[in-house]
Protein chains: 2
Amino acid sequence: MDDHAIPLDAETKAVEMPEDHREELRLWLRLLTCTTLIEGEVRRRLREKFDVTLPRFDLMAQLDKAPDGMTLSDLSKRMMVSNGNLTGLVERLVASGHIARMVSPTDRRAMVISLTKTGRDEFRSMAAEHEHWIADLFGDLSAKERSELMRLLAKTKLSARRAIAGDEQ
Amino acid sequence: MDDHAIPLDAETKAVEMPEDHREELRLWLRLLTCTTLIEGEVRRRLREKFDVTLPRFDLMAQLDKAPDGMTLSDLSKRMMVSNGNLTGLVERLVASGHIARMVSPTDRRAMVISLTKTGRDEFRSMAAEHEHWIADLFGDLSAKERSELMRLLAKTKLSARRAIAGDEQ
DNA sequence: ACAATTTATTTTAAGATTAAAACAATTGCC
DNA sequence: GGCAATTGTTTTAATCTTAAAATAAATTGT
């Protein structure tokens, strides 16, 4: 197409050259790799040391922060998983005695889920060790680097939310 | 426990206070949130616009980078998923005509997977749009912020690998 | 009050995912 | 050459996950 015949000054470049977003793509792949790497290791250790799955641990973590319990919808939003997913997960955690389920006193559609004593005790002891694992996994970053990463991820989160909200109109 | 009675100078603090790793935990949760947010949106758009799942897209992305094909083991390592997982995924992509499977000429145990013409064409057109989505999702970060995030994630990746390698001995 | 809409959950069907065991072929070692 | 260990894949069983449809209760508009 005789590209070399077209003089590419800044102006024509902006119009003629499709933008290259390989850099953002690499950034996304690296973000995904970090998460997958850490998540996989946490999953492996949870299974190995406590014979618990990550979804079960995550669900208990949410409930531990809500002493009065939460509805399935709240859990679903917090955990960013589908409602149907939670139904099965909750089912198994009730069966194993870690959580209790009761009908909301104010809304007969809603189920309020909360940790049992056993569930809370087990979770707390797992969480203590889990915290050390995470600290170790991020251990090579300085305090300054961690806080800078925190800031950039906060901005990324807002950026993504903006892009997602803008899309759905 | 009359904590206020104990003078906490730097020295006793280091010995008596169990280290607090809440900050690292928050960092991890934020990393996870960003990934989940972006991944969920990409998954949703892939289904909506191309009727394809993210795992299928990811697998084709790997193959597109390897014109001569890859073995299942290579794919498994690159994608950081189990071998068994790939067997089913590959099965479905062969059935839909996107990839081809052949026995390795040098190793009769190994299967070499590669994109068909259809698969490659379809993937390329999806990938072009996908790249724009990603650019938009990270759109509020400046070039400088993106490169700093890239650097910090590279360091995080190395840190995690170090922690994982150290653990498995 | 009552019809329409929204909200909360469950069910269903399909696919994705893992860990562990089974199987098959190759490689390394003697 | 032959045996042990390793490597590549598949199978199996269980769990996880989603999207979409179904169900049920609450809320809204008139």
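Naming convention: chains lettered A, B, ... in sequence-line order (proteins, then strands); numbering from 1 in each chain.
The residue B/Ser73 sits close only to the backbone: its heavy atoms come under 4.0 Å of sugar-phosphate atoms, none of a base. Within 4.0 Å of A/Asn85, counting heavy atoms only, lies at least one base atom of the nucleic acid. Note on A/Leu89: only backbone sugar-phosphate atoms sit closer than 4.0 angstrom, heavy atoms only; bases stay farther off. A/Thr53 comes within 4.0 angstrom of sugar-phosphate atoms only, judged by non-hydrogen atoms across all strands, and of no base. Using a 4.0 Å heavy-atom criterion, one finds that A/Asn83 contacts the bases of the nucleic acid, with or without backbone contacts as well. Residue B/Arg43 is out of contact with every strand shown, counting any heavy-atom pair closer than 4.0 Å. Across all strands, B/Ser104 comes closer than 4.0 Å to no nucleic acid atom at all (heavy-atom distances).
Between A/Glu122 and A/Met60, every side-chain heavy-atom pair lies at or beyond the 4.5 Å cut-off. By the 4.5 Å heavy-atom criterion applied to side chains, A/Trp133 and A/Leu46 are counted as neighbours.
Rounded to a whole Å, the CZ atom of B/Arg45 is 18 Å from the P atom of D/dT18. Whole-Å rounding puts the A/Ile113 CD1 to C/dA8 P distance at 14 Å. Separating the CG atom of B/Asp51 from the C1' atom of D/dT18 is a distance of 13 Å, rounded to the nearest angstrom. One interatomic measurement links the two molecules: CD of B/Glu39 to C1' of D/dT18, which rounds to 12 Å at whole-angstrom precision. To the nearest angstrom, P of D/dT9 lies 11 Å from CZ of B/Arg101. Rounding to whole angstrom units, CE of residue B/Met111 and P of D/dT11 are separated by 11 Å. With rounding to whole Å, A/Arg47 atom CZ is found 7 Å from C/dT18 atom C1'. The separation between A/Glu91 atom CD and C/dT12 atom P is 13 Å, rounded to whole Å.
Here B/Leu86 contributes atom CG and B/Arg78 contributes atom CZ; the two are 13.0 Å apart, rounded to the nearest 0.5 Å. Distance check, rounded to the nearest 0.5 Å: OG of B/Ser114 to CG of B/Asp64 gives 11.5 Å.
Proximity note for A/Lys77 (side chain, C-beta onward) versus C/dA8, C/dT11, D/dC16: the nearest is C/dA8. Closest to the side chain of A/Asp107, out of D/dA26, C/dT9, D/dC16, is D/dA26.
For B/Arg92, a side-chain nitrogen or oxygen approaches OP1 or OP2 of C/dA16 to under 4.0 Å. The phosphate of C/dT26 has OP1 or OP2 within less than 4.0 Å of a side-chain N or O from B/Arg108.
DNA chain C is contacted by both A/Thr87 and A/Gly40; A/Thr87 maps to the nucleotide lying nearer its 5′ end (nearest heavy atom per residue). Mapping A/Gly84 and B/Gly88 onto DNA chain D via the closest heavy atom, the residue that lands nearer the 5' end is B/Gly88.
Side-chain N/O atoms of A/Ser73 and A/Thr71 include no donor and acceptor closer than 3.5 Å.
Below the 3.5 angstrom threshold, one finds a donor paired with an acceptor across the side chain of A/Arg109 and the base of C/dT7.
Remark: A/Glu145 engages B/Arg151 in a salt bridge, criterion side-chain N to carboxylate O under 4.0 Å.
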